Amino acid sequence: MTPPFTLLLYTLIAEVLAEQTPAFDNTEKPSRTWPDWMASLPNHLPLSSLAIPGTHDTMAFYGGSLAQCQSWRLGDQYKVGIRFVDIRCRHYQNNLPIFHGVSYQRTDFTQVLRETVTFLTQYPTETVLMRVMEEYEPYQNTRSFYKSVAEVVGNIGERWFLRTNSLPTLGEARGKIIILQQFSSSDGPNFGPPYPGSMSISDDYEVNDADVKWREVERHFNVALDGDTKKTYLTYTSGVHWLLYPPETLARIINPRANEYLKLENSSVNRKRSVGVVIMDYPGGELVREIILNNWM
């Protein structure tokens, strides 16, 4: 058993290092929530046209400074307004535990889907885009990754999933999970749109210079804003360098720049379309809000 003074020390250290700013948050609870923001948008809008807040390595809470990417638990992410999640499953003895690299995240795909269904039951006007991919090394499996995903989806219930080869309208997607499928469909029909497929994606995750990373994020924001409303644009603000930029360190630099960019953009008029899906580590509540507000032009 951990001695009481050790637990107290851990708590004090966490409190000292915790920080909650408009753009960056490594505390356990967000500063604000907007759980039903999609309810205010009309049904006819293509999901591809929307500004959607997302998290990179959504369930990465354990494994040290190079592995952890988030501090809000999944339910809180949904309540603050996150609608794109990045789910990485190791295929282990026909099961699907969640991993980030070599680090087990103490949960599994079934629990992720249960929490998502709980949220959608409470807020049926919303939808969740869920990137699903295989992470780390497979171990002692007797079936394909596809079949293990299919079993979990079947156990949760097909009615919670919208099977489609492209992103639908918001009206068609309300109350559903849309899997962005980053694994083979050789054993059956697609669960959802292929990832990356025809999407425009900026994900320069190996970062040697934060300024270079920001210029790429800004470039892709601009590409999205001038792009086709029928095309999906995803910009990852996240990244890592094993020494210079653990995910939290980079987020402290990039997130405020993204927040200021969006504030300026949201004050402009006659925009062609939104900035698209913005996928972050340690986002702050105000940054999430600015992404959502980018839907009102």
Side-chain angles (χ1 to χ4, degrees), residues 10-34 51-74 76-86 88 100-101 103 105 201-222 234-266 275-294:
Y10 287 161
T11 301
L12 290 174
I13 290 173
E15 288 178 354
V16 169
L17 297 178
E19 183 178 355
Q20 187 173 76
T21 70
F24 171 88
D25 194 339
N26 66 355
T27 68
E28 292 185 358
K29 294 291 182 181
S31 60
R32 63 186 306 146
T33 60
W34 198 345
I52 296 177
T55 48
H56 156 258
D57 256 300
T58 299
M59 305 302 293
F61 305 113
Y62 306 102
S65 63
L66 291 176
Q68 185 177 358
C69 299
Q70 309 300 333
S71 60
W72 301 334
R73 298 296 165 172
L74 184 59
D76 289 316
Q77 291 187 36
Y78 288 145
K79 288 178 182 177
V80 80
I82 298 298
R83 295 293 178 271
F84 171 99
V85 292
D86 177 16
R88 305 182 180 212
H100 181 196
S103 300
Q105 297 304 315
I201 300 174
S202 172
D203 185 14
D204 289 0
Y205 60 88
E206 294 180 345
V207 178
N208 295 311
D209 185 322
D211 290 334
V212 172
K213 170 65 179 181
W214 168 246
R215 287 197 291 272
E216 169 56 20
V217 169
E218 185 179 36
R219 180 199 69 80
H220 201 253
F221 281 168
N222 292 334
L234 298 92
T235 305
Y236 287 79
T237 66
S238 54
V240 67
H241 182 282
W242 71 273
L243 179 62
L244 299 175
Y245 302 115
E248 181 175 329
T249 300
L250 188 69
R252 290 177 184 271
I253 300 170
I254 300 297
N255 290 8
R257 297 184 188 185
N259 196 43
E260 291 305 311
Y261 177 99
L262 286 159
K263 280 184 177 181
L264 182 61
E265 184 59 36
N266 289 345
V275 75
V277 185
V278 182
I279 305 159
M280 305 161 284
D281 288 340
Y282 297 101
E286 290 295 332
L287 174 53
V288 173
R289 178 177 176 272
E290 289 297 335
I291 296 167
I292 295 169
L293 290 176
N294 193 243

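Quick caveat, the model's predicted, so the values are computed rather than measured.
No donor-acceptor pair closer than 3.5 Å links the side chain of D76 to the backbone N or O of K29. Put simply, the side chain of S238 never gets that close to the backbone of P247: no donor and acceptor are under 3.5 Å apart. Q20 places no side-chain N or O within 3.5 Å of a backbone atom of E28 that could act as its donor or acceptor partner. Listed for the R83 side chain is a donor-acceptor partner under 3.5 Å among the backbone atoms of Y78. Using modelled atom types, no side-chain atom of K263 and backbone atom of E290 make a donor-acceptor pair closer than 3.5 Å. N294 places a side-chain N or O within 3.5 Å of a backbone atom of V275 that can act as its donor or acceptor partner. Of the possible polar contacts, none joining the T235 side chain to the V278 backbone as a donor-acceptor pair under 3.5 Å is found.
When all heavy atoms are compared, the tightest approach of A18 to T27 is CB-CG2, 3.9 Å. For the residue pair H100 and A67, the shortest heavy atom distance occurs at ND1-O, 2.6 Å. L66 and W242 get closest at one heavy-atom pair: CD2-O, 3.6 Å. Across all non-hydrogen atoms, the minimal contact from P283 to V288 is CB-CG2, 4.1 Å. Among all heavy-atom pairs drawn from G285 and R32, the shortest one is O-CD, 3.8 Å. In terms of heavy atoms, L74 sits closest to T58 at CD1-CG2, 3.8 Å.
With respect to L287, the side chain to side chain contact (heavy atoms under 4.5 Å, CB included) criterion is satisfied by exactly one of N255, I292, T237: N255.
Here salt bridge (charged side-chain N to carboxylate O under 4.0 Å, His left out) pairs that include residues 236-251, with residues two or more places apart or in two chains, are E248-R252. Residue pairs satisfying the salt bridge (charged side-chain N to carboxylate O under 4.0 Å, His left out) criterion with at least one member in residues 275-285, sequence neighbours excluded, are absent. Residue pairs meeting the salt bridge (charged side-chain N to carboxylate O under 4.0 Å, His left out) criterion with at least one member in residues 57-72, sequence neighbours excluded: D57-R88.
Side-chain atoms of N259 and E286 include no donor-acceptor pair closer than 3.5 Å. Judged by distance alone, the side chains of N26 and E19 never bring a donor and an acceptor atom under 3.5 Å apart. For T55 and Q77, the side-chain atoms include at least one donor-acceptor pair closer than 3.5 Å.
Inter-residue side-chain proximity for I291 and M280 is flagged as met; some heavy-atom pair is nearer than 4.5 Å. Side chains of R73 and F61 form a contact here, defined as non-hydrogen atoms less than 4.5 Å apart.
Rounding to the nearest 0.5 Å gives a distance of 11.5 Å between NE2 of H241 and CG of L250. Taking CD1 from I254 and CZ from F24, the interatomic distance works out to 12.5 Å, rounded to the nearest 0.5 Å. A distance of 12.0 Å separates CZ of R215 from CG of D204, quoted to the nearest 0.5 Å. The NZ atom of K213 sits 12.0 Å away from the OH atom of Y245 when rounded to the nearest 0.5 Å. D203 CG to H220 NE2: the interatomic distance, rounded to the nearest 0.5 Å, is 10.5 Å.
Contacts of R219 classified as salt bridge (Lys or Arg N to Asp or Glu O under 4.0 Å), with partners at least two apart in sequence or in another chain: E216. Residues that satisfy the ring pair (Phe, Tyr, Trp, His ring centres under 6.0 Å) test with Y236, not counting sequence neighbours, are absent from this structure. Checked against ring pair (Phe, Tyr, Trp, His ring centres under 6.0 Å), F221 has the following partners two or more places apart in sequence or in another chain: Y261.
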side-chain contact (heavy atoms from CB on, under 4.5 Å) assessment of L293 paired with W34: CA-CA 11 Å; L293 290 176; W34 198 345; 3.9 Å; yes
